[in-house]
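The structure appears below as structure tokens.
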Amino acid sequence: MEIQEQVGTVLDGATPLNFPFKVVKGDIPLHEYVKVEVGKNVVLAEVVGVGARNPIVREKIATLGINGLERYGYEVAVAEVLGYLEDGRIMRPKYAPKPNTPVYLADTQTLQAFYKGDMERLPVYIGTLIHREDVQVPIHLQDLSFHLGIFAQTRGGKSYLAGAVMEKILTNTNFPVIVIDIHGDYVMMDRAAENDRKHDKFNVIVYYPPNAPRIKGVTAEVKDLKLSPKQMTNEAFLELLGGRLGEIQSIWIRKIIKEFREKGRSFGLKDIIKEIESIVENADKTSDTNNKLQSGEKKRLLSILARLEDLGEEIELPAEETPVQEFLRPKTLSVICLRGLRSRIQDVYTGILIDLIFRNQVAHYGDLKKAPPVFIFIEEAHRVASQEGGRYASKVISTAIREGAKFGLFLALISQRPRNISPDIMANIGNYAVLRITNAQDQNMIESASESFSHRLIDDLPALNQGEAVLVGPFVPLPAIIKVSKRETVHHGVTPELALINNKISELIKEVRWERW
Ligand SMILES: Nc1ncnc2c1ncn2[C@@H]1O[C@H](COP(=O)(O)OP(=O)(O)OP(=O)(O)O)[C@@H](O)[C@H]1O
């Protein structure tokens with residue numbers, strides 16, 4: 001049994017929601033947890049305001065420089081009531097604590113009882129309370145059915161935290177995880193952080209589109225990501241071509257793709273190019289005027305051809321396909337590495353993959369081999385789920401986030417600009433892991449999208465340090481500010497250490513001079 005440490009006394013003006021108290025011992029930092037008796041219940045509260053008072057030191061007196069007045073000073077804190085426990089459930093009190101009631105520091109045991117993982121809801125632990133490194137905060141994977149938003153400004157620690165959630169899912173459950181990796185932050189997750197050697201906790205497969213630049217030093221299994229035009233919707237294929245196609249041009253493309261589909265054969269980008277070339281050639285050769293192309297028509301086909309050839313220079317769309325169920329193997333992380341591709345291509349790839357997985361989950365719902373529950377993490381979500389309506393990826397994500405959870409599709413959107421995410425998509429995010437954010441528009445977007453994100457928590461966001469996050473939503477027993485624990489696997493998004501690199505370059509320069517000499 002821990003000894004109760006009184007740190008304050010409740011002052012006048014308490015309500016069931018919050019209460020001021022005079023600090024009687026030590027310094028109480030913001031976000032410290034205290035407990036107080038209300039009736040028969042022990043109520044937990046979080047310190048949300050701290051201030052120093054001294055009734056003697058008024059402005060006039062302060063200028064006189066009188067010694068010894070400090071002893072009349074004291075501190076006052078304000079605590080926000082979190083609740084009390086009844087049969088393991090957190091209840092809100094209906095009464096205020098009485099003035100003059102002692103306020104105690106919440107001991108580890110009490111705090112851990114509030115932040116208790118419910119085994120039925122699959123708890124995993126990614127961090128500890130910021131002032132209490134001995135109190136683990138659970139997040140319940142079951143409640144990721146309300147999806148997750150991971151938001152922070154650049155270098156705030158988003159991908160570090162996302163990787164922590166992924167490694168916990170993969171280590172503690174059999175579910176597959178897919179990450180759309182725009183910057184190559186997750187490609188080293190097959191290695192243990194402690195010794196940089198391969199671990200055997202889960203499998204990691206890194207997929208690159210053919211022709212996409214590859215990252216050096218990857219030790220995970222590497223495969224080609226083969227997406228064929230046959231797997232794509234017409235809309236996705238047209239968006240890959242970029243820019244605005246004329247109506248008749250898109251009718252041509254739809255017609256050609258339809259004919260390929262009807263033949264039931266696999267086909268790639270090259271086959272579509274060949275088909276158009278042969279239409280133009282045959283029309284040129286024929287003497288039958290009915291089969292000749294009008295000059296406008298020929299121009300249109302040639303312009304489509306040029307667009308297809310340009311696309312072929314950027315990416316290869318083979319006739320072969322990577323079967324979507326390959327990404328759904330148990331305990332496997334599929335890293336879809338799109339680093340180095342143009343953002344338009346990255347966005348369409350993201351849309352195609354989410355669409356394929358969503359359709360697979362719907363088609364094979366209930367078949368645990370073909371369509372197990374899957375967690376999908378999407379980087380740069382402000383681009384692919386942006387509010388500039390009508391874009392393919394955004395439409396696909398909007399459908400997946402609205403309807404996917406029923407079919408075992410749990411999404412995590414990662415972004416440094418939540419203000420650009422479509423409000424329709426934001427409205428479907430129930431859980432938040434938010435790190436440091438100073439931009440007011442981003443803060444407003446989060447506050448207006450989330451019922452559980454109080455204004456008080458929003459005010460805390462600019463003051464967070466790197467690696468500190470506010471967790472809010474049904475996936476945590478109570479809102480919490482945590483320090484994200486050290487990663488178990490290697491994070492490839494580490495900020496380059498300039499001093500170290502500079503020294504290495506100096507050595508290289510020395511070596512070159514020595515050789516010349
Ligand atoms: N909890 C943590 N403990 C230790 N280091 C951390 C932690 N969180 C983040 N970092 C470090 O901070 C740096 C930035 O983190 P991270 O790559 O996750 O940022 P990000 O928000 O994804 O950045 P970007 O927007 O540039 O992709 C990295 O060097 C990472 O190793």
Side-chain angles (χ1 to χ4, degrees), residues 31 124-139 148-168 177 179-189 191-196 215 217 333 335-341 343 346-347 350 376-386 412-421 432-439 441-443 445-446 460-471 476 480-502:
H31 308 306
V124 296
Y125 298 85
I126 58 161
T128 53
L129 288 176
I130 48 170
H131 294 301
R132 298 300 187 86
E133 296 207 357
D134 47 356
V135 180
Q136 300 257 2
V137 177
I139 59 172
L148 171 64
I150 301 178
F151 303 130
Q153 62 195 42
T154 303
R155 301 279 86 196
K158 297 179 293 297
S159 39
Y160 194 95
L161 185 148
V165 179
M166 288 178 214
E167 64 192 23
K168 295 294 176 193
V177 175
V179 55
I180 311 282
D181 190 0
I182 302 290
H183 306 293
D185 288 344
Y186 308 95
V187 294
M188 305 293 181
M189 283 185 65
R191 303 215 295 252
E194 61 169 344
N195 55 15
D196 204 25
I215 297 174
L333 172 66
V335 181
I336 313 294
C337 185
L338 304 178
R339 190 166 95 150
L341 294 175
S343 51
Q346 290 172 336
D347 296 358
T350 307
I376 307 184
F377 290 72
I378 306 173
E379 280 271 4
E380 299 285 319
H382 52 277
R383 256 181 28 209
V384 284
S386 86
L413 301 186
I414 306 166
S415 171
Q416 65 265 29
R417 277 173 157 259
R419 64 178 180 274
N420 285 8
I421 296 182
Y432 291 83
V434 186
L435 302 107
R436 186 175 151 84
I437 287 191
T438 48
N439 183 290
Q441 282 172 287
D442 287 324
Q443 294 170 0
M445 182 63 175
I446 295 171
D460 289 332
L461 296 178
L464 295 175
N465 297 307
Q466 195 176 57
E468 291 175 354
V470 177
L471 305 184
V476 275
I481 303 185
I482 63 158
K483 190 164 173 36
V484 179
S485 306
K486 284 258 166 292
R487 281 273 301 271
E488 289 173 38
T489 60
V490 172
H491 174 50
H492 192 238
V494 179
T495 315
E497 286 185 36
L498 287 186
L500 204 78
I501 298 173
N502 192 39

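Just so you know, ligand 1 is whichever comes first in the structure, and atom 1 is the first atom listed for that ligand.
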Identified side-chain contact (heavy atoms from CB on, under 4.5 Å) partner of Arg436 from the options Leu461, Asp460, Leu464: Leu464
Per-ligand residue contacts, ligand 1, heavy-atom threshold under 4.0 Å: Gln153, Thr154, Arg155, Gly156, Gly157, Lys158, Ser159, Tyr160, Gln466, Gly467, Val484, Lys486, His491, Gly493, Val494, Thr495
Geometric class of the His131/His31 ring pair [parallel <30°, tilted 30-60°, perpendicular >60°]: parallel
Min side-chain heavy-atom separation Ile180-Val384 under 4.5 Å: no
Side chains of Gln466 and Tyr160 in contact at under 4.5 Å (non-hydrogen atoms): no
From CD (Gln416) to CD1 (Ile150), nearest 0.5 Å: 12.5 Å
Polar side chain donor-acceptor pair, Arg417 to Ser415, under 3.5 angstrom: no
